[in-house]
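Okay, so here's the structure we're looking at.
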There are 2 protein chains.
Amino acid sequence: MQLTKGVEQGICIIVLLATQESSAPLASDEISRRLGVSPSYMKKITRKLVVQGVVVSVPGNNGGISLAKAATDITLLDVIEAMEGPIRMYPDTGLISLAFHEGRYAQKGQELLRSVFSQGDRLLVEYFSKVTAADLLKEGLGMSDLPTLNWNRETLSDVLDKEQDDFK
Amino acid sequence: MQLTKGVEQGICIIVLLATQESSAPLASDEISRRLGVSPSYMKKITRKLVVQGVVVSVPGNNGGISLAKAATDITLLDVIEAMEGPIRMYPDTGLISLAFHEGRYAQKGQELLRSVFSQGDRLLVEYFSKVTAADLLKEGLGMSDLPTLNWNRETLSDVLDKEQDDFK
DNA sequence: TTCTAATTGGATATATAATATCCATAATGG
DNA sequence: CCATTATGGATATTATATATCCAATTAGAA
């Protein structure tokens with residue numbers, strides 16, 4: 001019942017991209033350094049986000065990945081499904097049918113369980129589809145308008161400090 | 001994000017016990033035959049249900065396991081937690097802290113994610129704690145008063161057929 | 001055009017957890 | 001005492017997640 005580590009990594013990637021200058025795609029090699037995994041592995045992870053349609057990629061020189069849409073339109077569900085596929089809690093191995101093979105109630109019981117668990121699935125889908133990347137950033141940073149920077153050079157703190165200075 | 005096969009096995013066990021004559025404990029060896037696993041493995045599974053407090057066991061001759069409480073008081077959450085422990089979706093490896101190490105927002109972001117996911121956990125707990133074994137049996141069998149039988153000898157269909165005949 | 005930097009995709013290794021079994025021990029009823 | 005059953009430890013097997021390497025492709029820049 002635990003989400004995979006990939007979900008956590010995916011969230012980090014989205015956060016990085018959401019605060020990245022839109023003009024400059026972020027190279028997955030850079031992300032891999034930051035998250036402490038190999039460049040080749042990070043490419044596998046980012047690829048999943050591309051396939052899901054949350055991220056777009058451009059190969060070649062000065063290439064990399066960037067968000068495919070606004071942070072307000074990217075949800076936690078997107079990230080989870082990118083990494084794990086559709087949410088399906090029930091491990092449907094047909095055991096009910098096997099166990100109660102002789103009885104005519106096996107089929108009915110099997111269907112009942114499926115519907116009970118898929119109702120649970122729906123609860124999660126509903127919940128996670130309402131949590132957007134923008135929500136996370138807003139609450140996490142305590143500000144509504146996102147700062148943008150180039151993660152290849154700067155850190156988030158640098159930018160936030162600078163803005164604070166401007167405010168004074 | 002999938003529940004383990006053990007949950008499905010646990011559900012089958014509860015269903016068997018719920019329709020078992022209360023006077024006669026059901027031997028786990030009998031259950032193992034029905035679910036198609038080895039007796040030794042089945043004992044591991046049933047043990048989890050005992051530890052969780054949904055099932056009681058008596059060793060020795062004519063021993064076995066039986067429900068520790070009424071089917072109306074046994075929930076899907078009980079079975080799930082017996083098999084997998086508390087529901088915790090978030091794979092908290094501290095990656096956020098690692099990735100945004102330099103920034104002062106890492107801590108805040110980490111806590112935010114934890115709370116977001118534990119809210120998801122609560123949704124599931126709430127839902128699964130409301131689905132009882134009695135609900136499953138009632139809907140699965142289409143009747144409210146549960147038939148009881150001895151699974152060592154009979155099958156569920158036998159009993160239900162018999163009752164149907166009585167009704168005529 | 002050629003070089004470099006980047007994604008893509010296939011093959012594969014490693015780690016971890018789930019699944020499963022065996023065996024020795026303890027407990028219970030006849 | 002004997003047969004039967006649960007308990008607990010050790011361990012094997014399988015599946016999945018995690019991770020890496022390498023060859024191929026694509027795009028921009030010199």
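Residue numbering restarts at 1 for every chain, and letters A, B, ... go by the order of the sequence lines.
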Using a cut-off of strictly less than 4.0 Å, decide whether [X] has a side-chain nitrogen or oxygen near OP1 or OP2 of [N].
X: Ser38(B); N: dT21(C); value: yes
X: Thr4(A); N: dT18(D); value: yes
X: Ser28(A); N: dA6(C); value: no
X: Ser40(B); N: dA20(C); value: no
X: Gln9(A); N: dA19(D); value: yes
X: Arg47(B); N: dG8(D); value: yes

Between [X] ([atom1]) and [N] ([atom2]), how many Å, whole number?
X: Lys44(B); N: dA10(D); atom1: NZ; atom2: P; answer: 10 Å
X: Leu35(A); N: dT18(D); atom1: CG; atom2: C1'; answer: 14 Å
X: Ile45(B); N: dT19(C); atom1: CD1; atom2: P; answer: 8 Å
X: Asp29(B); N: dA3(D); atom1: CG; atom2: P; answer: 16 Å
X: Met1(A); N: dT16(D); atom1: CE; atom2: P; answer: 17 Å
X: Ile65(A); N: dT26(D); atom1: CD1; atom2: P; answer: 20 Å
X: Met42(B); N: dA6(D); atom1: CE; atom2: C1'; answer: 14 Å
X: Ile31(B); N: dT5(D); atom1: CD1; atom2: C1'; answer: 12 Å

Least distance between heavy atoms, [X] atom then [Y] atom:
X: Ala18(A); Y: Ala71(A); result: CB-CB, 4.4 Å
X: Ile74(B); Y: Val54(B); result: CG2-CG1, 3.5 Å
X: Leu113(A); Y: Tyr90(A); result: CD1-OH, 3.5 Å

Base, sugar-phosphate, or nothing: which does [X] touch, judged by heavy atoms less than 4.0 Å apart?
X: Lys5(B); result: sugar-phosphate
X: Glu84(B); result: nothing
X: Thr46(B); result: nothing
X: Gly60(B); result: base

Of Val7(A) and Val51(B), the one whose closest DNA chain D nucleotide lies more 5': Val51(B)
Pairwise 5' ranking along DNA chain D for Pro39(A) and Pro59(A), keeping only the more 5' one: Pro39(A)
Of the nucleotides [options], which has the atom closest to the [X] side chain?
X: Ser57(B); options: dT8(C), dA6(D), dT21(C); result: dA6(D)
X: Lys43(B); options: dA29(D), dT5(D), dT7(D); result: dT7(D)
X: Asn61(B); options: dC22(C), dT28(C), dT7(D); result: dT28(C)

Ion pair Asp121(B)/Arg88(B), N-O distance below 4.0 Å: no
Distance-only donor-acceptor check, side chains Ser66(B) and Gln20(B), under 3.5 Å: no
Side chain Glu84(A), main chain Met1(B), donor-acceptor under 3.5 Å: yes
